[in-house]
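Okay, structure first, notes after.
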Amino acid sequence: MYRRESIEAKRIARDRIENLFEMAEKLTKEGETDLSRRYISLARRIGMKVDISIGHRMEYCRKCNTYMLPTRTCRVRLSRGRKVIVCLACGNTSRFPYGKSRKGGD
Ligand SMILES: [Zn+2]
């Protein structure tokens, strides 16, 4: 029973996180980067609470929570199978796996 509730809580949390990121993307495209950052920081907090890692699929600056929108809020370059993203807001560099998302082993 307890476990089932916890899975349900995670599912709900994941939906909320995805919605928040969708909104953050939209806001960033509209130039509302401050509000967008607030959505991302909220999404991160929800993820932490239910122990979901959101970093693998969602692209945002780990340092200032800016949504990473190429040419608008970040610069992208590829390096050794990884996408290196430089945040234009704070200069922080983030690395993401590039291409097919594989789970485990590299
Ligand atoms: Zn940043």
Side-chain angles (χ1 to χ4, degrees):
M1 192 64 102
Y2 175 77
R3 190 179 290 170
R4 200 165 147 192
E5 275 170 25
S6 144
I7 288 168
E8 181 69 3
K10 278 196 183 186
R11 194 183 61 75
I12 292 166
R14 202 168 282 137
D15 281 354
R16 288 183 65 193
I17 289 167
E18 276 177 23
N19 282 336
L20 285 166
F21 266 91
E22 266 169 38
M23 281 194 276
E25 180 182 7
K26 191 168 164 280
L27 287 166
T28 303
K29 284 177 181 162
E30 288 166 1
E32 300 280 348
T33 44
D34 283 342
L35 194 55
S36 162
R37 277 188 202 107
R38 246 181 278 171
Y39 279 107
I40 289 181
S41 104
L42 183 59
R44 291 179 76 176
R45 247 178 301 163
I46 294 169
M48 257 184 265
K49 222 162 94 181
V50 292
D51 196 26
I52 295 174
S53 172
I54 58 173
H56 301 297
R57 297 185 339 148
M58 313 294 190
E59 295 181 355
Y60 61 92
C61 176
R62 305 298 194 263
K63 204 168 161 191
C64 71
N65 291 328
T66 298
Y67 184 90
M68 299 283 93
L69 191 65
T71 75
R72 287 283 276 280
T73 59
C74 71
R75 235 193 329 254
V76 183
R77 120 188 111 76
L78 300 177
S79 160
R80 277 184 254 160
R82 286 182 176 250
K83 194 150 59 162
V84 180
I85 298 180
V86 182
C87 173
L88 296 179
C90 75
N92 184 51
T93 303
S94 309
R95 286 175 178 78
F96 298 91
Y98 175 70
K100 288 171 223 155
S101 58
R102 272 178 299 160
K103 269 188 179 161
D106 209 328

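Computed from heavy atoms alone, side chains included, the values below leave out hydrogens, waters and symmetry copies. First listed ligand is number 1; within each ligand, the first listed atom is number 1. Nothing here was measured: the structure is a model prediction, and the numbers come from that model.
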Atom pair [atom1] ([X]) and [atom2] ([Y]), whose distance is rounded to the nearest 0.5 Å:
| X | Y | atom1 | atom2 | value |
| --- | --- | --- | --- | --- |
| N65 | R38 | CG | CZ | 12.0 Å |
| R95 | R80 | CZ | CZ | 9.0 Å |
| L35 | T28 | CG | OG1 | 9.5 Å |
| C87 | Y60 | SG | OH | 12.5 Å |

(request) Let me see the working for D15 and R11 under salt bridge (Lys or Arg N to Asp or Glu O under 4.0 Å), right down to the final yes or no. (result) CA-CA 6 Å; D15 281 354; R11 194 183 61 75; 3.6 Å; yes
(message) Just to be sure I understand the site: which N, O or S atoms from the protein are less than 2.8 Å away from the Zn ion (ligand 1)?
(response) C61 SG, C64 SG, C87 SG, C90 SG
(request) Give a yes or no on whether a salt bridge exists between E25 and K29, defined as a side-chain N under 4.0 angstrom from a carboxylate O. (result) yes
